[in-house]
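Below is one structure, written out as C-alpha cells; comments come after it.
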Amino acid sequence: MTEKRKNKTKRFRYVRGGKQTLVCSRTVHSSTVAINYDQPMNQEQLRKEYLRLTRLETIKDCSDLLDIYLKYFFEVIKQNSNEAKTHAESEAELVNQMIFTKIGHMKELLNGFEYESADGTKLNRIVDPTVIASHIRNLFETVSMFSLVYTQPSTDDEKTILYNLWVSAGLKYRQRFDVVVKKAESQEKLDKEKQQIDDLKAEIENTDLYKALDEKDRNKIQSKLKEKDYKIQFKDGKVEFLSWQETVPVMGIRDGVMDTIYTYFSLYAHPSNVSVFQFADMFKKEENPFIYLTTFNLNNFFFLLSIFLFDYIKLFPNVKNTFEQLEKIEQIVIDRQNVFARDESYSINDEWKALG
C-alpha cells in the first residue's frame with residue numbers, strides 16, 4: 001500500500017469539440033455536448049432548474065443530468081490524473097476513469113433502439129429498462145467496492161488488508177485460465193501472478209492488525225482469500241462479512257433509500273422469471289411505462305454517482321477544486337443527491353444555500 005508509483009496513471013485521449021445526436025422521438029433525446037448555462041441564474045431560475053434535475057420526470061431530464069456528470073468526470077481526468085502517491089491510489093484513479101465510461105455508455109443507452117424490417121414493419125424507438133438496470137447493478141458494485149477498499153478503512157493496516165483481498169480475488173479468478181493457456185508468455189504471466197497472490201497473503205498476515213485478531217477473525221480473512229472475496233469490514237476489532245446488499249449502510253446510505261436496491265437490480269441482471277413477466281408490461285401502447293421505469297432506475301444511478309464523487313474527493317482532496325469549477329446549479333444538484341442518499345454531514349460545500 002505504501003509502494004510509490006513507477007508510472008503515472010494513463011489518461012484517456014480526448015478531442016476538443018463534439019458532435020450532437022438528436023433522436024427523432026417525443027420521449028428520447030440525447031446529446032454528446034455538455035449543457036451550457038450561458039447566463040447566471042437568479043434564485044427563481046436556480047430553484048426551477050434544481051427541481052427539474054432532481055425530480056427527473058423525463059428521459060430528457062436524465063440525459064441532461066448525465067451531461068453534467070460527464071462534464072465533471074472528464075474534467076477530473078484532465079486536471080487531476082496525477083494525484084496518486086501509491087500504486088493502490090493509481091488504481092483508484094483508473095476506477096474514476098471507469099466510472100466516466102459507464103456514464104457515457106448510459107448516455108448512449110438513453111438514445112434508445114428502433115428497428116425496421118425489409119418489408120417496412122417498424123418497431124418504434126424504446127429504451128429497455130432491463131438493460132439500464134443491469135448497467136446500474138454494475139455501477140453499484142463498483143461504487144461499493146471503492147467505498148470498502150478506499151474510503152471505509154480507518155488505519156493503514158485496514159487499508160492494506162482490504163486492498164490486498166480485493167487484488168487477490170481478481171488475480172485468483174484469472175488463475176482459472178490456467179487450464180486453457182497455450183502460449184508460453186501467457187503461462188509466464190500466470191506464474192508471476194501466482195507469486196503475487198502469495199505475496200499479498202503474506203503482507204496481510206504480516207500486519208499488526210491481523211496478528212492482533214483472535215483466531216476466529218484471522219480464519220475469516222483466510223476464508224475470504226480462499227473464496228476470492230473481499231467484502232468485509234472491521235468493527236470494534238472484529239471482522240464482519242458483508243453481502244453486496246449489506247454494503248449499503250456501510251457506505252453511509254440512510255435507511256429507506258436503497259434498502260433492497262441490489263436485489264431489485266439483480267432481478268434484471270439475471271434471467272429471472274420476474275424480469276420476463278415484467279418485460280411484457282413495459283411497452284404498453286400509449287402508456288409507455290418503460291419511461292417511468294427508466295427514470296426511476298436512473299435516480300439510483302445518480303445517487304451512486306454522487307456517492308462515488310464524494311468518496312473520491314475524500315481520497316483526493318485536491319479534486320474538490322475541480323468540482324467547484326462547475327456551474328453553481330451543477331454543484332448544487334450533485335451535492336444534494338449525495339446528501340439525500342446519505343445525510344447532511346456528506347455535503348461537499350455550501351453552494352446549495354443559494355436556493356434560499
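Nothing here was measured: the structure is a model prediction, and the numbers come from that model. Both backbone and side-chain heavy atoms feed into the values below; hydrogens, waters and symmetry mates do not.
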Where [X] and [Y] come nearest, the two heavy atoms and their spacing:
| X | Y | result |
| --- | --- | --- |
| A133 | Y268 | CB-CB, 3.7 Å |
| D157 | L209 | OD2-N, 3.0 Å |
| D217 | G237 | OD2-O, 4.3 Å |
| M106 | L66 | CG-CD1, 4.0 Å |
| E93 | N82 | OE2-N, 3.6 Å |
| I261 | N300 | CD1-OD1, 3.5 Å |

[atom1]/[X] to [atom2]/[Y] distance, rounded to the nearest 0.5 angstrom?
| X | Y | atom1 | atom2 | answer |
| --- | --- | --- | --- | --- |
| R336 | I348 | CZ | CD1 | 9.5 Å |
| N164 | Q196 | CG | CD | 9.5 Å |
| M145 | W244 | CE | CH2 | 8.0 Å |
| F100 | H105 | CZ | NE2 | 10.5 Å |
| I132 | N297 | CD1 | CG | 7.5 Å |
| Y230 | L162 | OH | CG | 10.0 Å |

Without hydrogens or angle criteria, can the side chains of [X] and [Y] be said to hold a donor-acceptor pair below 3.5 Å?
| X | Y | value |
| --- | --- | --- |
| T58 | R52 | no |
| D199 | Q195 | yes |
| Y292 | E57 | no |
| E324 | N349 | yes |
| Q152 | S147 | yes |
| Q39 | Q45 | no |

Checking the side chain of [X] only, and the main-chain atoms of [Y] only, is there a donor and an acceptor separated by less than 3.5 Å?
| X | Y | value |
| --- | --- | --- |
| S63 | I59 | no |
| Q331 | L326 | yes |
| D343 | V339 | no |
| S266 | A269 | no |
| D61 | L53 | no |
| E141 | N138 | no |
| S81 | K78 | no |
| S144 | F140 | no |
| K220 | V239 | yes |
| R137 | Y262 | no |

Please tell me whether Y264 and F296 form a close aromatic pair, meaning their ring centres lie under 6.0 Å apart.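 They qualify: ring centres under 6.0 Å apart.
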
S243: what forms a side chain to side chain contact (heavy atoms under 4.5 Å, CB included) with it, not counting sequence neighbours?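 For S243, the residues satisfying side chain to side chain contact (heavy atoms under 4.5 Å, CB included) (neighbours in sequence not counted) are Q245, E246.
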
Stepwise side-chain contact (heavy atoms from CB on, under 4.5 Å) check, V274 with F279: CA-CA 8 Å; V274 172; F279 185 86; over 6 Å; no

Is the shortest side-chain N to carboxylate O distance from [X] to [Y] below 4.0 Å?
| X | Y | result |
| --- | --- | --- |
| K60 | D64 | yes |
| D311 | R342 | yes |
| K238 | D236 | no |
| R47 | E44 | no |
| E215 | R218 | no |
| E116 | K122 | no |
| E240 | K231 | no |

Could you go through Q233 and E158, starting from their C-alpha distance and side-chain angles, then the distance that decides it, and tell me whether this counts as side-chain hydrogen bond (donor to acceptor under 3.5 Å, both in side chains)? CA-CA 9 Å; Q233 69 170 335; E158 286 185 12; over 6 Å; no

Sub-4.5 Å side-chain heavy-atom contact between [X] and [Y]:
| X | Y | answer |
| --- | --- | --- |
| I329 | V333 | yes |
| L355 | Q43 | no |
| T155 | T160 | no |
| Q325 | Y72 | no |
| I253 | T247 | no |
| Y69 | Q337 | yes |
| N96 | F73 | yes |
| Y163 | H87 | yes |

Hey, mind stepping through M282 and T130 against side-chain contact (heavy atoms from CB on, under 4.5 Å) and telling me if it holds? CA-CA 10 Å; M282 288 180 183; T130 65; 3.7 Å; yes

Run the numbers on Y312 and Y150 for ring pair (Phe, Tyr, Trp, His ring centres under 6.0 Å), then give the verdict. CA-CA 9 Å; Y312 195 77; Y150 286 103; 9.0 Å; no

From CA spacing to verdict: side-chain contact (heavy atoms from CB on, under 4.5 Å), N338, L305: CA-CA 8 Å; N338 182 47; L305 289 179; over 6 Å; no

Is [Y] reachable from [X] through a run of hydrophobic residues whose side-chain heavy atoms are each under 4.5 Å from the next?
| X | Y | value |
| --- | --- | --- |
| V127 | L123 | no |
| L51 | F340 | yes |
| L267 | F277 | yes |
| F113 | L110 | no |

Let me see the working for F290 and D128 under side-chain contact (heavy atoms from CB on, under 4.5 Å), right down to the final yes or no. CA-CA 7 Å; F290 75 90; D128 186 345; over 6 Å; no

Would you say NZ of K235 has more than 12 non-hydrogen atoms from neighbouring residues, nucleotides or ligands within 6.0 angstrom?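 No, the 6.0 Å shell around NZ holds no more than 12 heavy atoms from other groups.
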
Cation over ring face, K224 and F241, 6.0 Å, 45°: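 Cation-pi check for K224 and F241: passes.
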
